[in-house]
Number of protein chains: 2
Amino acid sequence: MANTRWLDDDEMAAWTSFLEATHRVFREVEAQLRDEAGLSHPQYEVLIKLHGAGADGLRMTELATSLITSKSGLTYQVGQLEKRGLVTRGACPTDTRGVTARITPAGSEALRAAAPGHVERVRSVLIDLLDREQLTAVTDAMTSVNTRLREDG
Amino acid sequence: MANTRWLDDDEMAAWTSFLEATHRVFREVEAQLRDEAGLSHPQYEVLIKLHGAGADGLRMTELATSLITSKSGLTYQVGQLEKRGLVTRGACPTDTRGVTARITPAGSEALRAAAPGHVERVRSVLIDLLDREQLTAVTDAMTSVNTRLREDG
DNA sequence: ACAGGCGAGTTCGAATTTGAACAACGCCGT
DNA sequence: ACGGCGTTGTTCAAATTCGAACTCGCCTGT
């Protein structure tokens, strides 16, 4: 193996600032959702995806892939949401093995109730702290990362 | 309460790309550390901080604050590292209540062993995917976020 | 039609995380 | 010196997370 290409000052600054920011942002967002909406962030993300999917719902694997989470973790979270009546599980029409998750009216309502506080917190810990130039720069950089990482899976 | 200031397209793009990227990046980094170094990312972060602190070590609370983690979580992780001989806990000279954590030679060695693979993965999932301009833009934006969020803590 | 390989979801056990409660101590004003 | 309050670090129970193993159904080649 080749010698390690250590991070130079700029690279290290990028990594450490990224690390700190993500920890801070997620801590804040998770606290807000738990305290004000009674939802964990993973649960909120599930509801958002299912809401966007409409009446057809989504297969468990599609959901896990798009949320970048483990299959077992998703099974657990969907189970929790199902217990609370925010989500239903149904058979998949085209695949006997498949499970289709759908959001319920109660789930949509929970989302409607949670969204304002959530958005406000997202603003206060990230969006509103950046000017327009920084905002598009972040989007640009993160999109680059996502595009590359989607490829080799 | 005022009407919610919903996110416009650019703002939403920033948030969703940030969300996806952080999930992907952390998933990759954690997998690398677990598989190749037998360390969790939180543990690696503890070792890094203690390594940087030198022989004086760090108080538990200082450590928790700088890692942006909960006190109880840190107690657990330091306990794990202590079991494995990578860290020691000692009384704090200036405060009877205090506990000072220090990295051991074995801990430094574990860090030396883990670092190359870790850095390589950090490069491959983030640093090397950005050009110099994007790199500084990310640092700039994340530093803004950190500076603001450190204030009202 | 059938075997082998692959994919879908769940289950399982172990490890981890969190906030709240707790015991002990420092610090400040009186 | 002392009472009261904020801190420090740990403990606790409960919830969550992960990967590996597993079951069962799809699908391709022969």
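Below, read A as the first sequence line, B as the second, and so on, with proteins coming before strands; counting in each chain starts at 1. It should be emphasised that the depicted structure is a prediction, and the values quoted were computed from it without experimental measurement.
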Sugar-phosphate or base contact per nucleotide [nucleotides 9-15 of chain C; S, B, -; heavy atom under 4.0 Å]: BBB---S

Sugar-phosphate, base or nothing in reach of B/T69, heavy atoms under 4.0 Å: sugar-phosphate

Protein-nucleotide distance (A/Y44, atom OH; D/dT16, atom C1'), rounded to Å: 21 Å

Atom pair distance, as rounded to whole Å: NZ in A/K83 and C1' in D/dA14: 12 Å

For atom CZ of B/R27 and atom P of D/dT17, their distance in whole Å: 11 Å

Mutual orientation of the aromatic rings belonging to A/H118 and B/W15 [parallel < 30°, tilted 30-60°, perpendicular > 60°]: perpendicular

NZ/NE/NH1/NH2 to OD/OE distance under 4.0 Å, A/E62 and A/K49: no

Euclidean distance, atom CZ of residue A/F26 to atom C1' of C/dT18 [Å, nearest integer]: 17 Å

B/V78 side chain reached by B/M60 side chain, heavy atoms, under 4.5 Å: yes

Closest-nucleotide ordering on DNA chain C, the 5'-leading residue of B/G73 and A/D95: A/D95

Side-chain heavy-atom pair B/R24, B/V125 within 4.5 angstrom cut-off: no

Distance, rounded to the nearest Å, where A/L81 contributes CG and D/dA15 contributes P: 15 Å

Atom pair distance, as rounded to whole Å: CG in B/L58 and P in D/dT8: 14 Å

Nearest-angstrom distance from the residue atom CG of B/L63 to C1' of D/dT10: 15 Å

Least distance between heavy atoms, B/V145 atom then A/L130 atom: CG2-CD2, 4.1 Å

A/R132 bridged to B/D8 by N-O distance under 4.0 Å: yes

Under 4.0 angstrom between A/Q77 side-chain N/O and D/dA15 OP1 or OP2: no

Atom pair distance, as rounded to whole Å: CD in B/E30 and C1' in D/dC18: 10 Å

Whether A/F18 and B/F26 hold their rings parallel, tilted or perpendicular, with breakpoints at 30° and 60°: parallel

